[in-house]
2 protein chains.
Amino acid sequence: MQKSIAGPEIERLIKLLSKLPGLGPRSARKAALALVKRREDMLLPLADALHEAVEKITECQQCGSIDTCQPCSICADTRRDRTTIVVIEEVGDLWALERAGVVNGQYHVIGGHLSPLDGIGPNDLNIPKLVERASDPEVTEIILALNATVEGQSTVHYIKDLLTPINVAVSEIQKGVPMGGELDYLDEGTLATALKSRRRL
Amino acid sequence: MQKSIAGPEIERLIKLLSKLPGLGPRSARKAALALVKRREDMLLPLADALHEAVEKITECQQCGSIDTCQPCSICADTRRDRTTIVVIEEVGDLWALERAGVVNGQYHVIGGHLSPLDGIGPNDLNIPKLVERASDPEVTEIILALNATVEGQSTVHYIKDLLTPINVAVSEIQKGVPMGGELDYLDEGTLATALKSRRRL
């Protein structure tokens, strides 16, 4: 807002909300109003939830995910397979895989991808810890599930090279036509990859 | 999330964030992650801002807007014109008019529009207080600036009828082609209104 309308407290709230991904200045104003209007069932609970998050949520020192226990509940779960580690870029990717229920092994969040232009090198990512975990004799396979972007793929190659001296299988998730995907709507890159990595029936 | 991934505290935070207008479940997860990742410059300040909002922000008993003082800073501002009251549906509409800097008078937020289907009648809106304010001899004009929707317009007619016995001028903001609007992109209703309410040059 250009000029103060409803006091500095409200403007500060709007400004902070507008920093959240997915909220612009306009939707941040709407969100702030909704919060103030629904004091009991939105404003108070959210304020409490944030304070609880400040106090309780930490990064897992083992896998880099976030949780309220140390190590996180996935790393601590003895029923999960300890021979396989799925490597992802962000915690959100871990959540997506858990929602899909397709991983029974461990995870390792590297916290992004290599991006020389943004000054993000191997030491800025949670990669040294991955090498340490991959060296554990119990671990037999590292599955790289990074994004199918240029940066994700160059990070895949970097990690693959780094893990080559270690006695562990390194694989990457398949790329191709997404389920339900119609060829007419897919980009050339996806079509080229899907064709190139075709499988015999 | 179907199953617990990162502890109940994080899921509660995501659930609360997803209730904000403009945030769905997916963007709420992204927002929660961004908050936890940027603890010092996002999570802590937002938690504080919300607690401050809980403590300080109240509804103005005069006009229905929100502020940290009572009456609000606009009602309390002696430099503003006290003869004109602009009636709007929501506090967000007040902010939009203040950003545009087009009102020098007072405001009155009725808090929505009449909507019999949703069970919202005149007594659910801040209308009795408007009648009281309009009866003040100092007030000479009530400008209705409600939304140009079916509900907004029926509320305009209701308020107009209600204020008729009072010695006060009642007007409504003009409807027509928005500035910069291209006829080819406008709906029939707008075109019909713009044509009907044409003005002599």
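Proteins get letters first, then strands, A, B, ... in listed order; numbering begins at 1 in each. We use all heavy atoms of the structure for the numbers below, so side chains are in, but hydrogens, waters and symmetry mates are not.
In this structure, the portions of V54(B) lying under 4.5 Å from any heavy atom of chain A include both its backbone and its side chain. Within the 4.5 angstrom heavy-atom criterion, no atom of E59(B) approaches chain A. For chain A, no part of K15(B) is nearby; none of its heavy atoms comes within less than 4.5 Å. Of the atoms belonging to K56(A), it is side-chain heavy atoms, and not backbone ones, that fall under 4.5 Å from chain B. Using a 4.5 Å cut-off between heavy atoms, L33(B) touches chain A through its side chain atoms alone.
Within residues 143-154 of chain A, no residue has any heavy atom closer than 4.5 Å to a heavy atom of chain B. For residues 17-28 of chain B, the interface with chain A (any heavy-atom pair closer than 4.5 Å) comprises L17(B), K19(B), L20(B), P21(B), G22(B), L23(B), S27(B), sorted by residue number.
Of the listed residues A34(A), A49(A), A53(A), the one with more heavy-atom pairs under 4.5 angstrom with chain B than any other is A49(A). Highest contact tally toward chain A, considering only L16(B), V36(B), D41(B), L50(B), is held by L50(B) [criterion: heavy-atom pairs under 4.5 Å].
With sequence neighbours excluded, the residues satisfying side-chain contact (heavy atoms from CB on, under 4.5 Å) with Q106(B) are C75(B), R80(B), R82(B), I85(B), R133(B). Scanning for side-chain contact (heavy atoms from CB on, under 4.5 Å) contacts around Q70(A) gives T58(A), C60(A), Q61(A), with sequence neighbours left out.
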Evaluate the side chain to side chain contact (heavy atoms under 4.5 Å, CB included) criterion for residues K37(B) and E90(A): first the C-alpha distance (whole Å), next the side-chain angles of each, then the deciding distance (0.1 Å), finally the verdict.
CA-CA 11 Å; K37(B) 241 184 154 177; E90(A) 301 284 358; 2.9 Å; yes
